[in-house]
Amino acid sequence: TYSQYRHYMQKEIFEQPCAIQNTIAGRLQSDFIDLSELGENINILFSKVQHVQIIACGTSYHSAMISRFWLEKLANLPCDIEIASEFRYRELVVRPGSLLITISQSGETADTLAALRLTKNYSGYLGSLTICNTEHSTLVRESDFALITYAGSEISVASTKTFTAQLTLMLILITYIARIRGMEHVIFHQIIRTIEKLPRSIEQILSLEKEIKILANKFIHKKHALFLGRGSLLPIAMEGALKLKETAYIHAEAYAAGELKHGPLALINDDIPVIVIVANDYLINKVKSNIEEVHARGGKLYIFAEQNTGFIQCKNINITLLPKTEPIIAPIIYAVPMQMLAYYIAVVKGNNVDQPRHLAKSVTVE
Ligand code: M6R
C-alpha cells in the first residue's frame, strides 16, 4: 500500500519487480516467446526488417539507446535512435526496410506523436510499432502495432518502473526478432532464462536501500555531479544524471568514460562527485583505467560495481557493491540504484519529489 512509502517515486521504485513480472507474463514461455498479440503476419514483417529507427524523449530515449545496443548485438540489425523533437524537424532519409519503433510511458508525448505522424508521409517504412505503458493512448491508436508495458500507472513525474518495464519488453521483442532471423537455439534459451531472473535480481538490488540512503547525505550540498559509463551502461549514466537533475536539482552530466580526456577531465576536483557505473563485461578494464584517470587528479569517486571485480574502497573511492549480473540485463538492473540515489538525495534536500518544479508528467505540448 502507498502508506508504506513516503512518495510515489519510492513506491514505484519498489514496484519494479512486480511491474517487470507483469510485463513478462504471458510473453515469456518456458522455451519460446509469445508475441501473438502482434497478429499472425508479424513474423513475415520482422523477417523483412533491414533497419530499425527508434524515436522517443527523455527517459524513454535512454531505453532507445540500450535497445540499439541489443539490436546490434542480438539481432545484427542496424539501428538509428533519435529524440523526437529533433527527428521531426530533419529531412528524413528513410532506409530501405525500416521499422519505426516509438517508446513512451504516456503515449501522449507531443513530439513523439508528431514524429510518428511525419513518418506516415514516407512510403519507405515497413510499419510502426510502439512500446507504451498506456493502452488507451493516442500513440497506441495511431501505430500499426503496439506492445504494452504492464507497469501500472506511474504517478511520480520522474519515470522509474516504466523505464525498466520498457527495457524488459524491448529485450523480449529484440530476442524474438533475433530468433526469427536465425539466433541460435542455445543463446535464445539462455536469454529467456536471464530475463526470467529479472524480478528477483531487482529485489536484491532494492535491498541496498539503506546503504544508498546513507550515501545520499554526501550529495546534499553538491552543485554538480558527473556520471560515467561505457557501452550499454552509458545510457544508465545518462538516466542517473537526468534523475538527479529533475528530482534533486543538482546539475549532472553524463559522459562516455572514454571521452573524459577529450574535455571533461578539466572539471575534476574534490568537489564534484564522479559516479561510475561498471558492468562486468568486456569493457571493465577500460572503465578501470578511466577511473584511474579521475583518481589521479584528486576526483571523488562513487563506483557502482559487481562483487569480486577488484575495486577497493579508499579515501577518495566509495564502492557500492552490486550482486552478480549477466551483462545483457545489467542496464535494467543498474538503473535501480541510480533511481534510488536521486530519490534519497531529493528527499534529504526536502524537495517535492513527485512533482518537481517546472515539470509535467505528460508533455502534450511541443
Ligand atoms: O511519456 P513519455 O515516455 O513519452 O515521456 C517522455 C519524457 O517526457 C519522460 O521520459 C521524462 O523524461 C521522464 N518523466 C523523466 O523522468
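Start at 1 and go down the list; that is how both ligands and their atoms are numbered. By convention here, the first residue in the shown sequence is residue 1.
- A pairwise comparison of heavy atoms in Ser106 and Ser137 identifies O-CB, 3.5 Å as the closest pair.
- Between Glu326 and Lys197, at least one side-chain N (NZ, or NE/NH1/NH2) sits under 4.0 Å from a carboxylate O, which counts as a salt bridge.
- There is no path of hydrophobic side-chain contacts, each under 4.5 Å, that joins Met338 to Tyr249.
- When all heavy atoms of Trp70 and Ile328 are compared, the pair lying nearest together is NE1-O, 3.1 Å.
- Residues Ile192 and Ile187 share a hydrophobic cluster, clusters being chains of Ile/Leu/Val/Met/Phe/Trp/Tyr side chains in contact below 4.5 Å.
- Salt bridge annotation for Glu366-Arg88: present, with a cationic side-chain nitrogen under 4.0 angstrom from a carboxylate oxygen.
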Starting from the N and O atoms of ligand 1, find every protein N or O within less than 3.5 Å and list the pair with its distance.
residue  : atom   : partner : partner atom : Å
ligand 1 : 1 (O)  : Ser104  : OG           : 3.4
ligand 1 : 1 (O)  : Gln105  : N            : 3.4
ligand 1 : 1 (O)  : Ser106  : N            : 2.8
ligand 1 : 1 (O)  : Ser106  : OG           : 2.7
ligand 1 : 1 (O)  : Thr109  : OG1          : 3.3
ligand 1 : 3 (O)  : Ser60   : OG           : 2.6
ligand 1 : 3 (O)  : Gln105  : N            : 2.7
ligand 1 : 4 (O)  : Ser104  : OG           : 2.6
ligand 1 : 4 (O)  : Thr109  : OG1          : 2.5
ligand 1 : 5 (O)  : Thr109  : OG1          : 3.4
ligand 1 : 10 (O) : Thr59   : N            : 3.1
ligand 1 : 12 (O) : Thr59   : N            : 3.2
ligand 1 : 14 (N) : Val157  : O            : 2.8
ligand 1 : 14 (N) : Ser159  : OG           : 3.2
ligand 1 : 16 (O) : Thr59   : OG1          : 3.3
ligand 1 : 16 (O) : Ser159  : N            : 2.9
ligand 1 : 16 (O) : Lys243  : NZ           : 3.1
ligand 1 : 16 (O) : Glu246  : OE1          : 3.4
ligand 1 : 16 (O) : Glu246  : OE2          : 2.4

